[in-house]
Amino acid sequence: MLAAVGSAVGLGNIWKFPYITGEYGGGAFVLVYLICIALIGIPVMMAEILLGRRGRRSPINTMRELTRSEGTSPVWRLVGWGGVLTGFLILSFYSVVAGWAFAYVFEGAIGSFNGLDGDGAGALFGDLTAAPDRLIFWHTLFIGMTVLVVANGVRSGLERLITWLMPLLFVLLAILVGYAMAAGDFARGLHFLFDVDFSRVFTVCDEAGQCGYTAEPVLVAMGHAFFTLSLGMGAIMAYGSYMPRDASIASSTIMIAIADTLVALMAGLAIFPLVFANGLEPGAGPGLVFVSLPIAFGAMPGGQFFGTLFFILLVFAAWSSSISLVEPAVAWLTENEHLSRPKAAWIIGGLAWVLGIGSALSFNLWSGEEYQIFGKTLFDIKDYVTANIMLPLGGLAIALFTGWAVGRRLPESELGMRSARLFGAWHFTLRYIAPAGIVLIFLNAIGVV
Ligand code: PHE
């Protein structure tokens with residue numbers, strides 16, 4: 001379970017949640033996201049864990065085994081394959097963002113944050129992202145770290161690390177929230193995050209303040225629910241396969257979801273008061289965290305220490321997530337192709353490294369319009385398509401497979417819930433509510449409903 005928390009809590013909570021919440025206008029977006037966590041994320045996570053624990057193999061082979069033993073269509077095996085591909089694509093931009101955090105560990109340590117204002121923070125981040133060699137250097141280091149852990153087997157050092165890492169990250173976020181209360185525009189941050197203006201659910205506004213109808217916020221909120229819980233690509237299934245028989249899937253899932261959501265909300269509470277107090281733009285995009293928090297570290301007592309520590313913890317949080325991105329692929333290669341774990345890990349890591357170069361160049365050499373598709377850079381496309389399309393599709397397949405294809409007995413025995421009523425509620429949500437929600441949000445996004 002700790003490993004699953006390590007997988008869930010990562011850049012998604014601290015980097016992505018604040019930046020998309022800023023882009024899509026705050027409270028209404030947050031509410032849709034929370035509803036998606038509760039009605040789609042939690043039931044699908046229980047399903048994904050139980051499949052993994054029943055299959056006890058890599059996701060690809062778990063799906064092969066279960067389709068065989070349950071006598072269902074082999075088409076469901078696509079879940080395993082799709083997941084491997086998605087994990088790959090995610091890692092190839094995730095490691096670039098983790099690289100920013102890495103670079104900021106050193107910026108923090110040498111005092112680059114001291115006395116920084118909004119413009120200075122923007123320049124610091126701009127200089128980093130404008131330099132392909134620096135981005136590629138940190139990206140390489142991060143992929144190397146990920147491969148090292150995966151090569152040695154996921155369980156060994158990781159769990160010990162996470163047991164003290166996560167609480168520490170939590171404490172540091174609490175300190176930052178406290179600082180935002182004292183020095184930021186806390187009231188405005190709170191209003192931004194939690195005031196729900198329903199007219200904003202289907203609206204986005206551009207920089208000029210022009211607003212228009214769009215289905216995007218809802219799609220992105222759902223996509224993020226999958227992304228932040230590591231759902232829909234086999235990561236949680238792979239970890240489920242390591243889960244002991246006597247552990248309760250339902251309570252573990254609830255705990256993971258609560259911890260994950262708390263970290264995201266705390267990151268929001270730390271960042272937005274500072275954004276408003278320093279005249280930054282909430283919709284500034286992927287750099288939001290990296291331009292807002294350094295201002296705080298530069299002004300607070302002990303900021304050099306806290307700033308360095310914060311980015312160290314962020315790198316670790318990203319690390320424990322990225323490991324789960326490659327685990328499904330590596331576990332499969334070692335089962336089927338008779339490769340050693342280290343070899344498999346280096347192959348997968350190497351491929352993601354190559355793909356990741358494109359993500360790093362998206363901020364400099366390849367940022368121009370001639371390199372964009374639909375106004376998005378390669379980095380943006382990978383971020384958008386994996387989270388908002390591939391993960392929800394994977395999640396939909398997992399929900400339908402577990403809810404409909406395998407019948408009731410398998411989930412019933414695997415979950416072992418004492419209350420039949422609770423099981424019934426979960427089963428109903430998984431069969432009807434979660435799939436209908438995902439499909440409706442998709443149809444809405446492409447303009448059908
Ligand atoms: N959940 C991770 C995060 O929030 C990202 C992730 C997605 C990890 C999918 C594994 C699988 O940072």
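Remember, it's 1-based here, ligands and their atoms both numbered in the order they're listed. Values reported hereafter were calculated over all heavy atoms of this structure, with side chains retained and with hydrogens, waters and symmetry mates removed.
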Participant: Could you give the N/O to N/O pairs under 3.5 Å linking ligand 1 and the protein, each with its distance?
Facilitator:
{"unit_1": "ligand 1", "atom_1": "1 (N)", "unit_2": "Ser7", "atom_2": "O", "d": "3.2"}
{"unit_1": "ligand 1", "atom_1": "1 (N)", "unit_2": "Ala8", "atom_2": "O", "d": "3.1"}
{"unit_1": "ligand 1", "atom_1": "1 (N)", "unit_2": "Phe227", "atom_2": "O", "d": "2.8"}
{"unit_1": "ligand 1", "atom_1": "1 (N)", "unit_2": "Thr228", "atom_2": "O", "d": "3.2"}
{"unit_1": "ligand 1", "atom_1": "1 (N)", "unit_2": "Ser230", "atom_2": "OG", "d": "2.9"}
{"unit_1": "ligand 1", "atom_1": "4 (O)", "unit_2": "Ala8", "atom_2": "O", "d": "3.0"}
{"unit_1": "ligand 1", "atom_1": "4 (O)", "unit_2": "Gly12", "atom_2": "N", "d": "3.3"}
{"unit_1": "ligand 1", "atom_1": "4 (O)", "unit_2": "Asn13", "atom_2": "OD1", "d": "3.4"}
{"unit_1": "ligand 1", "atom_1": "12 (O)", "unit_2": "Leu11", "atom_2": "N", "d": "3.1"}
{"unit_1": "ligand 1", "atom_1": "12 (O)", "unit_2": "Gly12", "atom_2": "N", "d": "2.8"}
{"unit_1": "ligand 1", "atom_1": "12 (O)", "unit_2": "Tyr94", "atom_2": "OH", "d": "2.5"}

Participant: Does any pair with a residue in residues 380-401 pass ring pair (Phe, Tyr, Trp, His ring centres under 6.0 Å), and if so which ones, sequence neighbours excluded?
Facilitator: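 Applying ring pair (Phe, Tyr, Trp, His ring centres under 6.0 Å) to every pair that reaches into residues 380-401, excluding sequence neighbours, yields Trp76-Phe401.
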
Participant: Tell me, please, which residues at least two apart from Arg431 pass salt bridge (charged side-chain N to carboxylate O under 4.0 Å, His left out).
Facilitator: none

Participant: Any side-chain heavy-atom pair from Thr228 and Ile37 closer than 4.5 angstrom?
Facilitator: yes

Participant: Side-chain polar contacts of residues 48-55 - donor-acceptor pairs under 3.5 angstrom, sequence neighbours left out - could you list them?
Facilitator:
{"unit_1": "Glu48", "atom_1": "OE1", "unit_2": "Gly232", "atom_2": "N", "d": "2.9"}
{"unit_1": "Glu48", "atom_1": "OE2", "unit_2": "Gly234", "atom_2": "N", "d": "3.2"}
{"unit_1": "Glu48", "atom_1": "OE2", "unit_2": "Ile236", "atom_2": "N", "d": "3.4"}
{"unit_1": "Glu48", "atom_1": "OE2", "unit_2": "Met237", "atom_2": "N", "d": "3.1"}
{"unit_1": "Arg53", "atom_1": "NE", "unit_2": "Glu414", "atom_2": "OE2", "d": "2.9"}
{"unit_1": "Arg53", "atom_1": "NH1", "unit_2": "Pro244", "atom_2": "O", "d": "2.9"}
{"unit_1": "Arg53", "atom_1": "NH1", "unit_2": "Arg245", "atom_2": "O", "d": "3.3"}
{"unit_1": "Arg53", "atom_1": "NH1", "unit_2": "Ala247", "atom_2": "O", "d": "2.9"}
{"unit_1": "Arg53", "atom_1": "NH2", "unit_2": "Glu414", "atom_2": "O", "d": "2.8"}
{"unit_1": "Arg54", "atom_1": "NE", "unit_2": "Glu414", "atom_2": "OE1", "d": "2.7"}
{"unit_1": "Arg54", "atom_1": "NH2", "unit_2": "Ser413", "atom_2": "OG", "d": "2.7"}
{"unit_1": "Arg54", "atom_1": "NH2", "unit_2": "Glu414", "atom_2": "OE1", "d": "3.3"}

Participant: For this output row, return yes or no: ring centroids of Phe142 and Trp353 closer than 6.0 angstrom.
Facilitator: no

Participant: Taking the six-membered ring for Trp, are the ring centroids of Phe93 and Phe379 within less than 6.0 Å of each other?
Facilitator: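 Between Phe93 and Phe379, the centre distance is under 6.0 Å.
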
